[in-house]
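Each chain gets a letter, A, B and so on, in the order the sequences are listed, and its residues count up from 1.
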Protein chains: 2
Amino acid sequence: MAFGHQKVESRRLLLREIAHRGPVPRIDLAEHTGISRATVTSVTADLLRGRLIEEVPRESRNDESARGRPRVDLKVAGDAHLIAGLKVSDRSISLVLMRFDGTHVTDHECAIPTGRLTSDNLATHIRDGLSALAEKAGHNRTDISGVGVGLAGVVDADHGLVYWSPSLDQRNVPFGEVLRETLGVAVYLDNDANLVAMAELTFGLGKSHSDFIVITIESGVGMGMVLGGQLYRGTRGCGAEFGHTKVHLDGALCRCGQRGCLEAYVADYALVREASSVGGMSLTTPTSQAVSTILKAAKGGDPTARTVVERAGKMFAMGLANLVNIFDPELVILAGEQMQFDHLYADTVIEEMRKSIVEIDKPAPEVIVHKWDNLMWARGAAAYALEFVQDAAVETLEDA
Amino acid sequence: MAFGHQKVESRRLLLREIAHRGPVPRIDLAEHTGISRATVTSVTADLLRGRLIEEVPRESRNDESARGRPRVDLKVAGDAHLIAGLKVSDRSISLVLMRFDGTHVTDHECAIPTGRLTSDNLATHIRDGLSALAEKAGHNRTDISGVGVGLAGVVDADHGLVYWSPSLDQRNVPFGEVLRETLGVAVYLDNDANLVAMAELTFGLGKSHSDFIVITIESGVGMGMVLGGQLYRGTRGCGAEFGHTKVHLDGALCRCGQRGCLEAYVADYALVREASSVGGMSLTTPTSQAVSTILKAAKGGDPTARTVVERAGKMFAMGLANLVNIFDPELVILAGEQMQFDHLYADTVIEEMRKSIVEIDKPAPEVIVHKWDNLMWARGAAAYALEFVQDAAVETLEDA
DNA sequence: CCAATTTAATTTGCTTTTCGAATTTAAGTT
DNA sequence: AACTTAAATTCGAAAAGCAAATTAAATTGG
């Protein structure tokens, strides 16, 4: 907690503020950070000299009088660094390349063998994907200042340690280190659920909120928490296991081996399992198609399908209510790509949740459904890496 | 976020550090805070001048060589301020008076009418209790620098607002203000569950841990969270409602009006209700006695009693596992006074919990049972007030 | 069109705060 | 008594930030 890095500290603070607020004039920076105008001028001068930020002409805004010396907006200099983000999934790796200001450069997707891989093998695939990504934009892999990597499973982000992942054939792999060596670039590893929260924080609703929960439903149920404007990770790097929260004593069997997990009621495989076991529905198609079949049947009035879907919704509402009771967030974001799960997001579910939280004479937290494209994960990973690259850039900025 | 309060900031930081670490030599302060030795000398000189801290002779310790100039320990000056803490319960108010260094001065208990009171009425009772407390120690009520007040119910501590409490006859009472006016002393209001966490943080295991959860089981089930060395409150001031976490869809009726709350399975009234409704046990005695009857019967092998107690334990384990899955704390503290609930704390319950959390190759969080005396609440309230008094003392410290 | 006005940004000079290095202090050791 | 060790203090210098004054760039009004 050393003092004595004050200069670096104020540079970091202002760079973050500029990154967070987009183009912003100096006077607003002074206002929001509490730093005096004089200091803002001198610190931003340093950042400008280091080409981390740049002045941009201000388009006239109607909400302020146009008298007086016009404000000059500052923004992060896009060309200062390249940042990559990628997400390893079942059978492919999706990657994005972005500039230092978070703008999109290009993206890429490459197939990998399904099933568990050795860490070296996966690292090689990632390296090749990254090279292809860089090449697409006319760059070299080593031009990249930082790479964020998202992995399903249980990951200790601070130590780059993968406790367990469906993508790796071993437990407790120091995959961060492995990647660092294979890629020759700074690597920041994280759990994929946290990445969605990170994407939301950096590019989404984090612009206006500082305490929220992000729930994702894909094949599993994931969660990320933002408390006080930053991602919360547990002490062992494996918090936020919302999907394995228990909603029923000795309940349905989950693929994690335990019983009664929320995931065992609302995930795709759970819906299919239920619907077919009860009979009445024959589901031999792949999971994702089977889910739509069930949802359609439920809407069409099929009683079996309805029971299954309704119960999933109720369980989901219950889990959500528990979260709200414990955290009291200002906002809950339901984020996802596959809106085949929109039965869970239905207003009735949200209403059910509201009825299950402790009632006080203050409005319940807002619930927002946010649909993302399939690059969301990779962008979140890049956003995660971006923070580190920002900090590193500020630290290596030499004095005048 | 203003800079420009650096002096106050470093004074505050060092005072906190001294309070937290007990008697500590300057060189350790420099080490732990990252502030240079020179600055530590000058800032602690200010604190000494303001009589907020004092030097104490150091008893020789074996773990370090005795060569060189001996270290001089610093500790918080007990006589600098008086702080009171109190907890309003069903039929009484319990109060403690402590010095600025957290040492005990005296305590007091006074009866109040049972049932809901008007805020003015309750405030008057608190005033009288506080006067009696001060008198016991040969002081005047107005000698007290700050009073922490704990209330059951839903409380927004930051605004001194009571959304709802079993002690008050109205909802949404700005009870902090009311007390402030009635007592003529700075008042800091909080939810009683948070106070236990506060007591633990200040006087208990918080000395060695910075991320933990405290669960209390009395008549209800309460919870406090310490994240990053400080109490976490939700955004509406009503987080941590662990007792009303849902553990069963459409389950047992809770006194909050909803169904399936954890409390509806593990609280005293829930045990009694179950045991008598199933029949086989006639329980006409008051709740607390009835509970011991049930527990004894369960131990004696009575099947009805056993079912009831076992289910309570399972539900509790499930709720606990959910907390751990979500937060991943380093420590879970089960704190309480009435060890009549020790069936919930039993090793088998904790074992059950361990089996229900996500398994990784890292030890599960420690679970510690911590028995407190009945002044725990009041001491927590005082600890809460103490932080404010410390800050105020630092802020009003004039320069040399 | 130019002076007055308005607002933003910068410069200047000063204060506050902190630190590093040297020094002093208080012990033990030889 | 001289030397060693380690903590605490002193002192001068440097860093960082701020307030006030100044400069800059626009609009408005006469």
Side-chain angles (χ1 to χ4, degrees), chain A residues 1-14 17-18 23-49 53-74 394 397-400, chain B residues 1-14 18 23-49 53-74 394-395 397-400:
Chain A
M1 301 304 108
F3 284 63
H5 296 293
Q6 284 118 130
K7 189 166 220 163
V8 169
E9 225 35 70
S10 56
R11 283 173 178 172
R12 189 200 313 271
L13 180 62
L14 283 179
E17 197 69 18
I18 294 167
V24 58
R26 289 172 179 80
I27 195 163
D28 283 0
L29 292 173
E31 177 82 15
H32 288 118
T33 60
I35 297 173
S36 73
R37 296 175 184 193
T39 305
V40 168
T41 291
S42 94
V43 174
T44 53
D46 292 346
L47 296 175
L48 280 165
R49 193 171 33 71
I53 62 172
E54 55 196 23
E55 294 189 335
V56 288
R58 183 163 232 272
E59 65 252 38
S60 66
R61 297 197 185 169
N62 302 335
D63 58 322
E64 63 198 38
S65 96
R67 302 177 59 136
R69 176 172 176 170
R71 301 168 166 211
V72 178
D73 276 334
L74 298 171
V394 155
L397 191 61
E398 70 256 359
D399 292 328
Chain B
M1 300 291 112
F3 283 64
H5 296 291
Q6 283 119 133
K7 187 164 220 164
V8 169
E9 224 38 68
S10 55
R11 283 173 177 172
R12 190 200 314 270
L13 181 61
L14 283 179
I18 293 166
V24 58
R26 289 173 179 78
I27 194 161
D28 282 1
L29 292 174
E31 178 81 16
H32 288 118
T33 59
I35 296 172
S36 74
R37 296 176 184 191
T39 306
V40 168
T41 290
S42 94
V43 173
T44 53
D46 293 345
L47 296 175
L48 281 165
R49 194 172 32 72
I53 61 171
E54 55 197 23
E55 294 189 335
V56 287
R58 190 182 174 79
E59 65 253 37
S60 66
R61 298 197 183 167
N62 302 336
D63 58 322
E64 62 199 38
S65 97
R67 302 178 61 139
R69 178 171 176 171
R71 301 168 166 212
V72 178
D73 276 336
L74 298 172
V394 155
E395 262 151 36
L397 191 62
E398 70 258 358
D399 293 328

- [ ] Only counting residues at least two apart or in another chain, list the ones meeting salt bridge (Lys or Arg N to Asp or Glu O under 4.0 Å) with B/Arg12.
- [x] B/Glu9, B/Asp391, B/Glu395
Task: salt bridge (Lys or Arg N to Asp or Glu O under 4.0 Å) partners for B/Glu31, two or more places apart - done: none
Output one line per pair: protein atom, nucleotide atom from nucleotides 8-12 of chain D, and distance, for all N/O pairs under 3.5 Å.
| residue | atom | partner | partner atom | Å |
| --- | --- | --- | --- | --- |
| D/dA8 | OP1 | B/Val72 | N | 2.8 |
| D/dA8 | OP1 | B/Val72 | O | 3.4 |
| D/dA8 | OP2 | B/Ile27 | N | 2.9 |
| D/dT9 | OP2 | B/Arg26 | NE | 2.9 |
| D/dT9 | OP2 | B/Thr41 | OG1 | 3.1 |

- [ ] Ignoring backbone atoms, establish whether A/Lys7 has a side-chain N or O less than 4.0 Å from OP1 or OP2 of D/dA16.
- [x] yes
TODO: Look at the side-chain N and O atoms of A/Ser36 and state whether any lies under 4.0 Å from the OP1 or OP2 oxygen of D/dC18.
DONE: yes
Task: Residues forming a side-chain contact (heavy atoms from CB on, under 4.5 Å) with A/Arg37, sequence neighbours excluded - done: A/Ile27, A/Ala30
Interatomic distance, [X] [atom1] vs [N] [atom2] [rounded to whole Å]:
| X | N | atom1 | atom2 | answer |
| --- | --- | --- | --- | --- |
| B/Glu9 | C/dT16 | CD | P | 18 Å |
| A/Ile35 | C/dT16 | CD1 | C1' | 16 Å |
| A/Arg11 | D/dA15 | CZ | C1' | 12 Å |
| A/Asp46 | D/dA16 | CG | C1' | 11 Å |
| B/Leu74 | D/dA7 | CG | P | 14 Å |
| A/Leu14 | C/dA9 | CG | P | 13 Å |
| A/Leu47 | C/dT10 | CG | P | 13 Å |

TODO: Spell out, as yes or no, whether a donor-acceptor pair under 3.5 Å connects the side chain of B/Arg11 to the backbone of B/Leu397.
DONE: yes
Task: Pairing residues for B/Thr39 by the side chain to side chain donor-acceptor pair (under 3.5 Å) criterion, not counting sequence neighbours - done: B/Ser36
TODO: Could you grab the distance from atom CD1 of B/Ile53 to atom CG of B/Asp46, nearest 0.5 Å is fine?
DONE: 9.5 Å
